[in-house]
Amino acid sequence: MPLPQGQARLRGAGADLAGPVFAVYHALVSEDSAGLVEVCAPTHAPVGPTERTGVRIEPAHREAYTALAKRAGSHPAMAAAHDAVNAWLTGRGCVRTASHREVYHPNGATAGPDEHVADVAVPFRPPGAPRP
């Protein structure tokens with residue numbers, strides 16, 4: 001998932017990507033609903049907010065995730081991956097602590113059909129673990 005304008009802004013602020021770009025889904029996104037989606041670019045260096053961008057500092061957390069190959073990048077496959085992570089968390093009594101996210105690895109454009117290009121991840125707390 002290229003972010004040319006965002007990357008230029010990061011470089012202009014003296015920062016670079018510190019990990020894969022990811023999208024946080026704060027509500028359901030489908031053909032029938034347009035939920036809020038936040039695109040995030042992690043950095044090590046501080047970057048201030050602007051009119052069009054915000055800054056989020058996310059605390060350390062655990063994530064349940066499933067890896068996706070390029071061939072599985074269709075909308076139905078992504079939806080199934082979100083459902084699978086939800087089922088895993090529910091089956092173990094875990095508590096979701098933040099919104100679902102899709103993590104896009106930088107090899108997406110050049111990867112072969114069976115290469116790992118994305119993850120569907122959900123931050124969680126194990127059952128009985130104290131709130132941070």
Side-chain angles (χ1 to χ4, degrees):
M1 172 183 226
L3 290 175
Q5 289 178 326
Q7 288 178 342
R9 176 161 152 34
L10 290 177
R11 284 192 192 97
D16 283 311
L17 286 176
V21 171
F22 61 97
V24 178
Y25 290 82
H26 295 286
L28 179 64
V29 176
S30 71
E31 292 178 8
D32 300 323
S33 76
L36 176 64
V37 178
E38 177 183 11
V39 177
C40 302
T43 67
H44 289 298
V47 177
T50 68
E51 184 179 309
R52 294 190 43 134
T53 62
V55 174
R56 165 209 287 253
I57 298 176
E58 220 173 58
H61 59 266
R62 295 178 74 172
E63 288 183 350
Y65 71 95
T66 188
L68 295 166
K70 187 170 186 173
R71 67 177 149 61
S74 67
H75 178 74
M78 291 298 259
H82 283 271
D83 291 345
V85 175
N86 265 340
W88 188 90
L89 290 168
T90 301
R92 285 157 183 77
C94 298
V95 177
R96 282 179 286 285
T97 58
S99 298
H100 281 237
R101 58 228 23 226
E102 292 176 2
V103 181
Y104 307 107
H105 298 282
N107 66 329
T110 59
D114 294 323
E115 288 184 69
H116 176 205
V117 296
D119 300 309
V120 169
V122 180
F124 75 98
R125 188 173 65 247
R131 290 180 177 259

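Both backbone and side-chain heavy atoms feed into the values below; hydrogens, waters and symmetry mates do not.
- Using a 3.5 Å distance cut-off with no hydrogens or angles, the side chains of Glu115 and His105 do not pair a donor with an acceptor.
- Smallest separation of non-hydrogen atoms from Leu17 and Ala41: CD2-CB, 3.6 Å.
- Within the 3.5 Å criterion, the main-chain N or O of Leu68 finds no donor-acceptor partner in the side chain of Asp119.
- Contact of the Val24 side chain with the Val37 side chain is not registered, since no non-hydrogen atoms from C-beta on lie closer than 4.5 Å.
- Contact record, Pro127 with Gly93: CB-O, 3.4 Å, taken as the closest heavy-atom pair.
- Atoms CG and OG1, from Leu89 and Thr97 in turn, are 9.5 Å apart once rounded to the nearest 0.5 Å.
- Judged by distance alone, with hydrogens and angles left aside, the side-chain atoms of Lys70 form a donor-acceptor pair with the main-chain N or O of Gly108 at under 3.5 Å.
- The shortest side-chain heavy-atom distance between Pro123 and Arg62 does not fall under the 4.5 Å cut-off.
- Taking the side chain as every heavy atom from C-beta outward, Cys40 and Phe22 approach each other to under 4.5 Å.
- The heavy-atom pair separating Ala72 from Ala77 by the smallest distance is O-CB, 2.8 Å.
- Side-chain atoms of His100 and Asn86 include a donor-acceptor pair closer than 3.5 Å.
- Taking both residues in full, the closest heavy atoms of Ala98 and Val122 are given as O-CG1, 4.1 Å, listed atom of the first, atom of the second, then distance.
- Summarising the geometry, atom CD belonging to Glu102 is positioned 3.5 Å from atom OH belonging to Tyr25; distances are rounded to the nearest 0.5 Å.
- Scored by the side-chain hydrogen bond (donor to acceptor under 3.5 Å, both in side chains) test, His26 finds Glu38, Ser99 as partners (sequence neighbours excluded).
- Of the charged side-chain nitrogens involved, none lies within less than 4.0 Å of a carboxylate oxygen, so that Arg96 and Glu63 do not count as a salt-bridged pair.
- His116 contributes a side-chain N or O that, together with a main-chain N or O of Ala118, makes up a donor-acceptor pair within less than 3.5 Å.
- In Tyr65, the OH atom is not crowded: 12 or fewer heavy atoms of neighbouring residues, nucleotides or ligands sit closer than 6.0 Å.
- Counting only residues at least two apart or on different chains, no salt bridge (charged side-chain N to carboxylate O under 4.0 Å, His left out) pair has a member in residues 123-132.
- Considering all non-hydrogen atoms of both residues, Val120 and Val85 come closest at O-CG2, 3.8 Å.
- Across every non-hydrogen atom of Ala15 and Val47, the tightest pair is CB-CG2, 3.8 Å.
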Next on the checklist: What verdict does the side-chain contact (heavy atoms from CB on, under 4.5 Å) test give for Val39 and Val21, after you've listed the backbone C-alpha separation in whole Å, the side-chain angles of each residue and the deciding distance to 0.1 Å?
Outcome noted: CA-CA 7 Å; Val39 177; Val21 171; 3.9 Å; yes

